[in-house]
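In what follows, a structure is listed as structure tokens, so that the remarks can point back to it.
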There are 2 protein chains.
Amino acid sequence: MAEEQRRYRIGEFAKLVGLSTYTLRYYEDQGLVKSQRDENDVRYYTDEDIRWVGFILHLKGTGMRLNDLKRYVRLRAAGDATIPERRAMLQKTKDDAEADIAELQMHLQVLGRKIDWYDGKVEHTIADSESFQEYLQRFNDK
Amino acid sequence: MAEEQRRYRIGEFAKLVGLSTYTLRYYEDQGLVKSQRDENDVRYYTDEDIRWVGFILHLKGTGMRLNDLKRYVRLRAAGDATIPERRAMLQKTKDDAEADIAELQMHLQVLGRKIDWYDGKVEHTIADSESFQEYLQRFNDK
DNA sequence: AAACACCTTCGAGTGCACTTTAAGTCAACC
DNA sequence: GGTTGACTTAAAGTGCACTCGAAGGTGTTT
């Protein structure tokens, strides 16, 4: 992999990864992201750090909490022996997110039907007297 | 629709809809849910209220905020003339939720690949030397 | 020399949606 | 007559993840 020698100061890095400098320092405090320092104690980051932040954003994006993220980072630091545990964390995160999606889709289905019902009302293809409940019922009855 | 005459006091109603009594009073303050009162000023709810709370929980379940929910309720109270606006709100909520799902699934794909990569490492079907980035790259390159 | 970007600690503020407490009252049930 | 469950208002607390500001410093660029 090329370009490993490029150094980014916090402002530039923040823009690259889409976080604020505040958040990057906060994450560093929390042990999620590390930085190196130049001769003036100014933080710098590398391309590897970009990939790492990218990855933790994927984890956060699936709903993983900061506390779990911290645990993940600690396990990672502890070496390959913790791979099964890390794998399990990811699997659980994945399963939870998939369950969330399934639930969300259930709610969306009702929303979609309400929208259809509104359309029916406006176009008068649904009897004015039919309530949304009755309309929904027609689907539940198959 | 039958059984419309059944009255539920707040405790029973809370269990039926899966909210706390606190939350129900809070929602009432916020104008999301209404209740009636008996001769002793004790709140009661009906089957219609169960359906209404059910519906707002679907909306909340798709990520609609309380503020938007309040607006929706106000529009509803304003009569059928607001149906297009309500329809638009639901459509936007639906579109946003679908975009969220799409993003979530993108994150999940990376998670899934990391899990596979861990499996490959443990089973030694992936070279020890191949980083997750390189592994991911194999997919991105098609 | 001013402007700018960075550094430090650390405490306070933000937004959202509840959640709980306090303190006192009321009425039905056993 | 005690327990239970309801009522009121108003205020404070919770959890999460930032987000910001103060106050004072260093170093680089215009």
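Keep in mind the model is a prediction, meaning the values are calculated, not measured. The figures that follow rest on heavy atoms only: side chains count, while hydrogens, waters and symmetry mates do not. Just so we're on the same page: letters track the sequence lines, and every chain starts at 1.
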(message) Quick check for you: among D:dC18, D:dG27, C:dT19, whose closest atom lies nearest to any side-chain atom of B:Ser20?
(response) C:dT19

(request) Would you mind telling me which of C:dT19, D:dG27, D:dA17 lies closest to the side-chain atoms of A:Leu66? (result) D:dA17

(message) Donor-acceptor pair, distance only, cut-off 3.5 Å: does the side chain of B:Trp52 make one with the backbone of B:Leu32?
(response) yes

(message) Do A:Lys121 and B:Ile83 have side chains that approach each other closer than 4.5 Å (heavy atoms only, starting at C-beta)?
(response) yes

(message) Students often mix this up, so state it plainly: with edges at 30° and 60°, are the rings of B:Tyr72 and B:Phe55 parallel, tilted or perpendicular?
(response) tilted

(message) Quick check for you: among C:dC18, D:dT8, D:dC18, whose closest atom lies nearest to any side-chain atom of B:Arg37?
(response) D:dT8

(message) From C-beta outward on A:Tyr27, which listed nucleotide comes closest to its side chain: D:dC18, D:dA6, D:dC16?
(response) D:dC18

(request) Nearest whole angstrom, please: distance from the C1' of C:dC16 to the CG of B:Asn67. (result) 9 Å

(request) Would you indicate what B:Tyr44 reaches in the nucleic acid, counting non-hydrogen atoms under 4.0 angstrom: base, sugar-phosphate, or nothing? (result) nothing

(request) Identify which nucleotide among C:dC7, D:dC18, C:dA27 has an atom closest to any side-chain atom of A:Lys60, counting heavy atoms from C-beta outward. (result) D:dC18

(request) Using the closest heavy atom to pick a nucleotide of DNA chain C for each, name whichever of A:Arg9 or A:Asp29 lands nearer the 5' end. (result) A:Arg9

(message) How many whole angstroms separate atom OH of B:Tyr22 from atom C1' of C:dT21?
(response) 8 Å

(request) Could you verify whether a donor N or O on one side chain and an acceptor N or O on the other, from A:Tyr8 and A:Asp47, lie under 3.5 Å apart? (result) yes

